[in-house]
Amino acid sequence: MSRVAIHTLGCKLNFSESSTIVRQLEDHGFSRVDFADEADIYIINTCSVTDNADKKCRSTVKRVLKQNPEAYIVVIGCYAQLKPKEISNIPGVDMVLGAAEKFNMIAHLHSLKKEDKPLVHTKNIKETQDFVPSFSLGDRTRSFLKVQDGCDYFCSFCTIPLARGKSRNATVGETIEKARKIASKNIKEIVLTGVNIGDFGADDDYEETFYDLLVELDKIPGIERIRISSIEPNLLSNEIIDFVALSDKIVPHFHIPLQSGNDEILVKMRRKYLSALYTDRISRIKQKMPNCCIGVDVIVGFPGESEEHFLSTYQFINALDVSYLHVFPYSERNNTTAKKIPHKVSKADKMDRAERLRILSEKKKRFFYESQMGKLHKVLWEDEKHGDGSMHGFSDNYIRFESPYDSSKVNTIEELPFERINESGLAEAKLPLLNDNIL
Ligand code: SF4
């Protein structure tokens, strides 16, 4: 019983944790195989942000059972912490491990056996206080470094604090040590991940802040780029923005959850800011870094969101100098206060609003790309050959470039002029590369 495969659903944080768990297993004699291959143990690292994520877990279990009906199946992650009983009723699951227990995988695997009911090891999330550092290696040219876990905010629609516990982190010194390890592996870019990374150091016992962490990360030799994955607008201080603007390593790219552009809805969501603060943050960023890429998360169809509320969000975002949107139709979760808010929005209206914002996102992205054409960009080429023989890479400000695959370019940073947008909507450096159709 030594071949293990892991499948990760959800966010970058899950990817960093999966990678760390697999390295622990390899250190104890397990060999990692691809999830599509025959393994003795399949681990599914779940997400529970949307209903869809729950369904994905179920379908993954079914797929694994077809692949190898004799294999053991272990389910970990947010869904496992939130709904262990529900998972233990999925036929074929042998073990469910909660938020703390997943990092004790070796000990738990030794007790694996085929029973009528799976073994469930979870504890109350309030007892989950440890911070377990993680980072991903091997799968990508970038490494996801977990710098923080948990959240103390309790937005009314969100179950993540119930799945991951209170906000916590390692010290700056300990985090830097992990970043140095990544630097020693010839990785060019570190992506800082967590649940609410701007809250780094919020614990009363800490004097250190997320800003302090950035200052120290910026000094590490060997790492060429550091990307902040996502940060709450109220935690994105002038100090941080100004530091990023002056840094050669921390790239000009922010992803800033907005969720709604309407103040009435923001209050119902229990977000910690109003729309004016968000506008102020975007203005500051663009003033300091005119070429900065800014991504925005938005939820449509939150309970009580009328067409007028939605239109005010649409107009608010339309007026913002942002580069792309991630749009999520509201998904009702158990044990959230939003569930109790009346005036639910119909599925059809949610889908319609999501579609309108997705079209706006395309326009924003196109506008941003056009504003960057004719400029030189430093592109980090990734190690994946696409079906059409192309490879992709990102500029520091998150423009996706495309080029014919060339293995010698993988994990190198090339300075290129952005000359055209191809028919896939990707940036190209020279004419003609993959096709001749100029949009
Ligand atoms: S900030 Fe809000 S949405 Fe984000 S993890 Fe915390 S509670 Fe959830």
Side-chain angles (χ1 to χ4, degrees), residues 1-123 125 128 132 134-140 143-144 146 163-164 383-384:
M1 192 176 77
S2 59
R3 295 165 303 169
V4 63
I6 192 160
H7 182 62
T8 307
L9 300 163
C11 61
K12 297 179 178 84
L13 184 55
N14 268 8
F15 273 99
S16 74
E17 291 180 339
S18 288
S19 185
T20 297
I21 288 167
V22 167
R23 284 199 301 278
Q24 282 172 0
L25 292 171
E26 284 174 329
D27 288 348
H28 283 79
F30 289 84
S31 62
R32 181 183 189 166
V33 298
D34 198 87
F35 204 77
D37 294 340
E38 194 173 306
D40 302 302
I41 303 169
Y42 290 92
I43 300 169
I44 305 170
N45 191 1
T46 60
C47 166
S48 191
V49 171
T50 64
D51 280 332
N52 202 19
D54 298 359
K55 281 181 202 135
K56 275 189 192 164
C57 173
R58 290 173 173 275
S59 65
T60 309
V61 171
K62 271 192 196 156
R63 173 152 65 95
V64 165
L65 284 174
K66 274 190 201 153
Q67 243 163 258
N68 181 7
E70 305 300 317
Y72 290 99
I73 300 178
V74 180
V75 180
I76 62 174
C78 292
Y79 180 36
Q81 176 66 36
L82 289 173
K83 296 185 178 169
K85 274 196 189 143
E86 199 173 293
I87 296 172
S88 65
N89 288 328
I90 301 176
V93 173
D94 298 293
M95 187 178 274
V96 184
L97 299 178
E101 292 79 5
K102 68 187 171 200
F103 292 111
N104 208 2
M105 185 70 76
I106 310 288
H108 288 302
L109 289 189
H110 285 130
S111 64
L112 255 184
K113 48 186 166 199
K114 290 279 175 195
E115 305 267 10
D116 290 344
K117 275 279 172 194
L119 295 162
V120 177
H121 300 284
T122 57
K123 60 183 174 194
I125 196 66
T128 305
V132 180
S134 306
F135 55 90
S136 67
L137 277 183
D139 297 343
R140 293 155 198 263
S143 171
F144 300 134
K146 171 181 165 185
R164 286 195 165 265
D383 186 15
E384 189 181 354

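FYI, the numbering just counts along the sequence from 1.
- Taking CG of L109 as the start and CD of Q24 as the end, the distance is 10.5 Å to the nearest 0.5 Å.
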Evaluate the criterion side chain to side chain contact (heavy atoms under 4.5 Å, CB included) for residue pair I125 and L82; output intermediate values, then yes/no. CA-CA 9 Å; I125 196 66; L82 289 173; over 6 Å; no
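- Between I41 and V74, the closest side-chain pair of non-hydrogen atoms falls below 4.5 Å.
- The two residues L9 and C47 have their closest heavy-atom pair at O-CB, 3.8 Å.
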Determine, stepwise, if the pair R58 / Y79 fulfils side chain to side chain contact (heavy atoms under 4.5 Å, CB included). CA-CA 11 Å; R58 290 173 173 275; Y79 180 36; 4.0 Å; yes
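- Side-chain contact between E38 and Q67 is absent, with no heavy atoms from C-beta onward closer than 4.5 Å.
- Across M95 and S111, no two heavy atoms sit closer than the pair CE-OG, 3.7 Å.
- A donor and an acceptor atom, one from each side chain of R23 and S19, are located under 3.5 Å apart.
- Put simply, the side chain of L97 does not reach to within 4.5 Å of the side chain of V75, judged on heavy atoms.
- A salt bridge links R164 to E17: at least one charged side-chain nitrogen sits closer than 4.0 Å to a carboxylate oxygen.
- Q81 places a side-chain N or O within 3.5 Å of a backbone atom of A99 that can act as its donor or acceptor partner.
- Heavy atoms only, all atoms of each residue included: V120 and S88 are closest at CG2-CB, 4.0 Å.
- Neither side chain, K102 nor N45, offers a donor N or O lying under 3.5 Å from an acceptor on the other.
- A distance below 6.0 Å separates the ring centres of F35 and Y42.
- A distance-only check finds no donor-acceptor pair linking the side chain of D94 to the backbone of P118 [under 3.5 Å].
- The side-chain contact (heavy atoms from CB on, under 4.5 Å) with I76 is formed by just one residue from the set I21, N14, T8; it is I21.
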I would like to know whether L119 and V96 meet side chain to side chain contact (heavy atoms under 4.5 Å, CB included); could you show each step before the answer? CA-CA 6 Å; L119 295 162; V96 184; over 6 Å; no
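- Cation-pi geometry between K114 and Y72 is satisfied (NZ or CZ under 6.0 Å from the ring centre, within 45° of the ring normal).
- Taking CZ of F135 as the reference point, atom OG1 of T20 lies at 6.0 Å (rounded to 0.5 Å).
- One distance of note links CZ of R3 with CZ of R32; it measures 15.0 Å at 0.5 Å rounding.
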Chi angles and distances behind the side chain to side chain donor-acceptor pair (under 3.5 Å) call for S16, S134: CA-CA 6 Å; S16 74; S134 306; 4.7 Å; no
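- Distance check, rounded to the nearest 0.5 Å: CD1 of I6 to OG of S18 gives 3.5 Å.
- Between F103 and H108, the closest side-chain pair of non-hydrogen atoms is not below 4.5 Å.
- Scanning all heavy atoms of the two residues, the minimum distance from A80 to T122 falls at O-CG2, 3.9 Å.
- In this structure, the side chain of D40 engages the main chain of S2 through a donor-acceptor pair within 3.5 Å.
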Test side chain to side chain contact (heavy atoms under 4.5 Å, CB included) on M105 and I43 and set out the steps. CA-CA 10 Å; M105 185 70 76; I43 300 169; 3.9 Å; yes
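- Across all non-hydrogen atoms, the minimal contact from A39 to N68 is O-ND2, 2.9 Å.
- No more than 12 heavy atoms of other residues, nucleotides or ligands shown are found within 6.0 angstrom of NZ on K66.
- Scanning all heavy atoms of the two residues, the minimum distance from F15 to S136 falls at O-CB, 4.1 Å.
- Between V61 and I44 there is a side-chain heavy-atom pair separated by less than 4.5 Å.
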